[in-house]
Trainee: 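Okay, handing you the structure first.
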Amino acid sequence: MSKNLKIGLFGFGVVGQGLLDIIQSQNLNLEIIKIAIKDPRKKRSLNKDLFTTNRDEILDNSEINTVVELINDADAAYEIVTRALKSGKNVVSANKKMIATHLKELVDLQKEYGTSLLYEGAVCGSIPIIRNLEEYYDNELFHALSGIFNGSSNYILSKIFNENQSYGSALKEAQDLGFAETDPILDVGGYDPKYKLAIATAHAYGLFINPDNILNIGIQNLSQYDINYAKEKNFKIKLVPTARKVNTKQIVTYVLPKLVAKDDFLYNVENEYNAVTVQAAFADKQFFFGKGAGGHPTGAAVLSDIAALRYDYRYEYKKYHQENGVTHTENILLEIYLRFADEDLITLLEFDNISERYSASSYKYVIGTVKLENLIKNRDLLLDEAVFIAYTGRQIYKEEKISTSNFAEAEAVL
């Protein structure tokens, strides 16, 4: 039998309104009791008695058994979610930064207080990747996870490569349409996909990684030189987060622009759409595709979690509880395209090998292999506006401990 959910909703922006639209279109065993908002002066279509600016009206209300958190402020979201879990209320959240930063603690709180926190809407909008990692791949030998996790940056790159727009023009169009913020660095700088990658990695491998320990380099320094290079080689550039096994006990994670070839699943993922590619030993390669943002797509993911709570669903974190000893490593070589101005950067990165080099008065680049740990160590230099880096898709392990056949399969993903 499904439980009758009495919901307290925090936030009534695009996703909150989208969620309400979907709820009102269906006959579900749930009721929104109160909605917490920041601005009481804003005109709303619902009865004003439904709204409050006092979070305690929800958190201290014994009638409310489910909290849905849809606000932007990660610190405030953390306080709301932890208080709700401790008071015996189940929670649905879409705040990827808050979840990624505090996930281990949130898992422990759920166990201690017998509550459930679900967050499908925090990772890739309408794509049900968390539930699939948690259920379908729970006993799989999981190799790799990658994709397009951010609709704003993908929209910009689509306009550049499909309509020959400049980076500045594409960014402005994305901002005008509401796909990108006035300060878009969280999206174009790779922070948003980094948080999503950290969450997905916990479910794929049972490993909690502090997002600060994941390298993220974005597309904010993309120039016409880089665009021309990619087009000449028949590539598109996509911003791609990646988590993959190095050996049976180590995984590597990073968020980098990638030179994507036509035979890559990600090549035709355009505009605000997201995609996730996974690779496992027995299920082999699988591809998930859908809208990664917007009120109705994300609202649908949130509603799916709410509906699951009617049947007392919770993530089991099986791979984490198995204590499989998996750790995070930076000990790999990546082949990169690097545009640069200062030759000292080449020295500092300590390239293992350079296969191609071009130098002119206005444009210099190299193609070569470099240690991931050197990219991390020199990250601040890589953010200089005169520098752009893109992963070519080739990854070389310093110590190969996966069988040759499995390695070949895993390498085919990316």
Trainee: I'd like to know if the side chain of Glu163 and the backbone of Ser158 have a donor-acceptor N/O pair within less than 3.5 Å.
Mentor: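 A pair under 3.5 Å: no.
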Trainee: Side chains of Gln165 and Glu173: any donor to acceptor distance under 3.5 Å?
Mentor: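 Their side chains do contain a donor-acceptor pair, which is all the 3.5 Å distance test asks for.
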Trainee: Would you verify whether the NZ or CZ of Lys172 falls within 45 degrees of the ring axis of Tyr167 while also being under 6.0 Å from that six-membered ring's centre?
Mentor: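 No, Lys172 does not lie over the aromatic ring of Tyr167.
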Trainee: Can you name the residues that form a side chain to side chain contact (heavy atoms under 4.5 Å, CB included) with Gln17, not counting sequence neighbours?
Mentor: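 For Gln17 the side chain to side chain contact (heavy atoms under 4.5 Å, CB included) partners, ignoring immediate neighbours, are Phe12, Leu20, Asp21.
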Trainee: Run the numbers on Val92 and Leu117 for side chain to side chain contact (heavy atoms under 4.5 Å, CB included), then give the verdict.
Mentor: CA-CA 6 Å; Val92 174; Leu117 169 64; over 6 Å; no
Trainee: Checking Val15 now: which residues fulfil side chain to side chain contact (heavy atoms under 4.5 Å, CB included) with it, not counting sequence neighbours?
Mentor: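 Result, side chain to side chain contact (heavy atoms under 4.5 Å, CB included) vs Val15: Leu70, Thr298, Val302.
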Trainee: How close do Leu239 and Val188 get, counting heavy atoms only, and between which atoms?
Mentor: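 In terms of heavy atoms, the two residues are closest at CD2-O, 4.3 Å.
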Trainee: Excluding sequence neighbours, so at least two apart, what forms side-chain hydrogen bond (donor to acceptor under 3.5 Å, both in side chains) with Tyr273?
Mentor: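 Expected list: none.
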Trainee: Run the side chain to side chain contact (heavy atoms under 4.5 Å, CB included) check on Val252 and Glu330 step by step: do they pass?
Mentor: CA-CA 6 Å; Val252 63; Glu330 300 159 3; 6.0 Å; no
Trainee: Could I get the full list of ring-ring contact (aromatic ring centres under 6.0 Å, His included) partners for Tyr195, not counting sequence neighbours?
Mentor: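 Not a single residue meets the ring-ring contact (aromatic ring centres under 6.0 Å, His included) criterion with Tyr195.
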Trainee: Whether Arg310 and Glu31 form a salt bridge (side-chain N of Lys/Arg under 4.0 Å from carboxylate O of Asp/Glu) is what I want to check.
Mentor: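 Looking at Arg310 together with Glu31, the answer is no, because their closest N to O distance does not fall below 4.0 Å.
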Trainee: For residues 228-235, which side-chain donor-acceptor pairs fall under 3.5 Å, sequence neighbours excluded?
Mentor:
unit_1, atom_1, unit_2, atom_2, d
Asn228, OD1, Gln224, NE2, 3.0
Asn228, ND2, Gln224, O, 3.3
Lys231, NZ, Asn164, OD1, 2.6

Trainee: State whether the side chain of Asp187 and the backbone N or O of Glu181 hold a donor-acceptor pair below 3.5 Å, judged by distance alone.
Mentor: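 Side chain of Asp187 to backbone of Glu181: no pair is present.
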Trainee: Is Lys371 salt-bridged to Asp352, going by a charged N under 4.0 Å from an acidic O?
Mentor: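 No, this pair does not count.
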Trainee: We want to know whether Tyr191 and Lys97 form a side-chain donor-acceptor pair, criterion being a heavy-atom distance below 3.5 angstrom.
Mentor: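 The criterion, which ignores hydrogens and geometry beyond distance, is not satisfied for Lys97 and Tyr191.
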Trainee: Could you give me the CA-CA distance, side-chain angles and deciding distance for Glu270 and Asn154, then say whether side-chain hydrogen bond (donor to acceptor under 3.5 Å, both in side chains) is met?
Mentor: CA-CA 6 Å; Glu270 305 291 8; Asn154 200 50; 5.2 Å; no
Trainee: With sequence neighbours excluded, what pairs up with Arg83 under the side-chain hydrogen bond (donor to acceptor under 3.5 Å, both in side chains) test?
Mentor: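 By the side-chain hydrogen bond (donor to acceptor under 3.5 Å, both in side chains) rule, Arg83 matches Asp56, Asp60.
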Trainee: Quick one: closest heavy-atom pair of Ile32 and Ile23, and the distance?
Mentor: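 Shortest heavy-atom contact: CD1-CD1, 4.1 Å.
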Trainee: Is it the case that Asn29 and Lys3 place a side-chain donor and acceptor less than 3.5 Å from each other?
Mentor: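 Short answer, no.
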Trainee: Treating Ser25 as the side-chain partner and Ile22 as the backbone partner, does any N or O pair qualify as donor plus acceptor under 3.5 Å?
Mentor: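 Yes.
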Trainee: Does a donor on one side chain and an acceptor on the other come within less than 3.5 Å for Ser146 and Arg244?
Mentor: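 No - no donor-acceptor pair under 3.5 Å links their side chains.
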Trainee: When you measure from the centre of the six-membered ring of Tyr267, is the NZ or CZ of Lys236 under 6.0 Å away and within 45° of the axis?
Mentor: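 Yes, cation above the ring, under 6.0 Å and within 45°.
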Trainee: Using side chain to side chain contact (heavy atoms under 4.5 Å, CB included) as the criterion, list what pairs up with Thr327, not counting sequence neighbours.
Mentor: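 Side chain to side chain contact (heavy atoms under 4.5 Å, CB included) list for Thr327, sorted by chain: Gln250.
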Trainee: Is the closest side-chain heavy-atom distance between Val260 and Ile237 below 4.5 Å?
Mentor: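 No - every pair of side-chain heavy atoms lies 4.5 Å or more apart.
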Trainee: Does Asp264 pair with Lys258 as a salt bridge, N-O distance under 4.0 Å?
Mentor: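 Judged by the 4.0 Å cut-off on N to carboxylate O distance, Asp264 and Lys258 do form a salt bridge.
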Trainee: List the steps and the verdict of ring-ring contact (aromatic ring centres under 6.0 Å, His included) for Tyr254 and Tyr391.
Mentor: CA-CA 10 Å; Tyr254 48 85; Tyr391 169 45; 5.6 Å; yes
Trainee: If you take all heavy atoms of Asn378 and Leu348, which pair is closest and at what distance?
Mentor: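 Scanning both residues, the minimum pair turns out to be ND2-O, 3.5 Å.
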Trainee: Hey, is the main chain of Ala36 close enough, under 3.5 Å, to the side chain of Arg55 for a donor-acceptor pair?
Mentor: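 Side chain of Arg55 to backbone of Ala36: no pair is present.
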Trainee: Given side-chain hydrogen bond (donor to acceptor under 3.5 Å, both in side chains), test Lys104 with Tyr320 step by step and report yes or no.
Mentor: CA-CA 10 Å; Lys104 174 63 170 62; Tyr320 165 64; 3.2 Å; yes
Trainee: Can you list everything that forms a side chain to side chain contact (heavy atoms under 4.5 Å, CB included) with Leu50? Sequence neighbours excluded, please.
Mentor: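 For Leu50 the side chain to side chain contact (heavy atoms under 4.5 Å, CB included) partners, ignoring immediate neighbours, are Ile35, Leu46.
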Trainee: Step by step, work out the ring-ring contact (aromatic ring centres under 6.0 Å, His included) result for His203 and Tyr119.
Mentor: CA-CA 12 Å; His203 291 273; Tyr119 39 80; 5.6 Å; yes
Trainee: Take Ile251 and Leu207, measure what side chain to side chain contact (heavy atoms under 4.5 Å, CB included) needs, and give me the verdict at the end.
Mentor: CA-CA 9 Å; Ile251 68 162; Leu207 181 63; 3.7 Å; yes
Trainee: Got a sec, which pairs hit side-chain hydrogen bond (donor to acceptor under 3.5 Å, both in side chains) with one end in residues 84-94, sequence neighbours left out?
Mentor: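 Counting only pairs at least two positions apart or across chains, the side-chain hydrogen bond (donor to acceptor under 3.5 Å, both in side chains) contacts touching residues 84-94 are Glu69-Ser93.
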Trainee: Does the ring of Tyr313 carry Arg131 above it, NZ/CZ under 6.0 angstrom from centre and within 45° of its axis?
Mentor: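 Output yes; distance and angle both within limits.
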Trainee: Among residues two or more places apart or on two chains, list those pairs meeting ring-ring contact (aromatic ring centres under 6.0 Å, His included) that have a residue in residues 82-101.
Mentor: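 Matches after skipping sequence neighbours: none remain.
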Trainee: Give me the atom names and distance for the closest heavy-atom approach of Asp384 to Asn221.
Mentor: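 Answer, listing the atom of Asp384 first, then Asn221: O-ND2, 2.9 Å.
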Trainee: Please report the C-alpha distance between Leu256 and Asn216 in whole Å, then the side-chain angles of each, then the deciding distance to 0.1 Å, and finally whether the side chain to side chain contact (heavy atoms under 4.5 Å, CB included) criterion is met.
Mentor: CA-CA 6 Å; Leu256 289 170; Asn216 64 292; over 6 Å; no
Trainee: So which heavy atom on Leu19 is nearest to which on Gly299, and how close?
Mentor: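 Heavy-atom minimum between the residues: CD1-O, 3.7 Å.
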Trainee: Side-chain contact test, heavy atoms from C-beta onward, threshold under 4.5 Å: evaluate it for Lys291 versus Glu272 and give yes or no.
Mentor: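 The answer is yes, as the side chains (C-beta and beyond) meet within the 4.5 Å cut-off.
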Trainee: Do Glu373 and Asn331 get their side chains close enough for a donor-acceptor pair, meaning under 3.5 Å?
Mentor: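 No donor-acceptor contact under 3.5 Å links the two side chains.
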Trainee: Without swapping roles, check the side chain of Lys159 against the backbone of Ala174 for a donor-acceptor pair under 3.5 Å.
Mentor: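 Not a single qualifying donor-acceptor pair exists.
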Trainee: For Glu335 and Ser355, work out which heavy atoms get closest and say how close.
Mentor: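 Looking at all heavy atoms of both residues, the closest pair is OE2-OG, 4.4 Å.
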Trainee: Rounded to the nearest 0.5 Å, how far apart are CD of Glu316 and CD of Gln110?
Mentor: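 It comes to 11.5 Å.
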Trainee: Would you say Val276 and Leu145 make side-chain contact, with heavy atoms under 4.5 Å?
Mentor: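 A side-chain contact under 4.5 Å exists here.
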Trainee: Return the set of residues passing side-chain hydrogen bond (donor to acceptor under 3.5 Å, both in side chains) with Asp344 (not counting sequence neighbours), or none when no residue passes.
Mentor: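 None.
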Trainee: Which pairs of donor and acceptor atoms, one on a side chain in residues 360-367, lie under 3.5 Å apart (sequence neighbours left out)?
Mentor:
unit_1, atom_1, unit_2, atom_2, d
Ser362, OG, Tyr225, OH, 3.1
Tyr363, OH, Tyr337, OH, 2.8
Tyr365, OH, Glu356, OE2, 2.4

Trainee: Could you tell me whether a side-chain N or O of Asp342 sits under 3.5 Å from a main-chain N or O of Leu345, the two making a donor and an acceptor?
Mentor: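 Answer holds: no.
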Trainee: Test your reading of the model: is there a side-chain donor-acceptor pair from Thr82 to the backbone of Glu79, 3.5 Å cut-off?
Mentor: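 A pair under 3.5 Å: yes.
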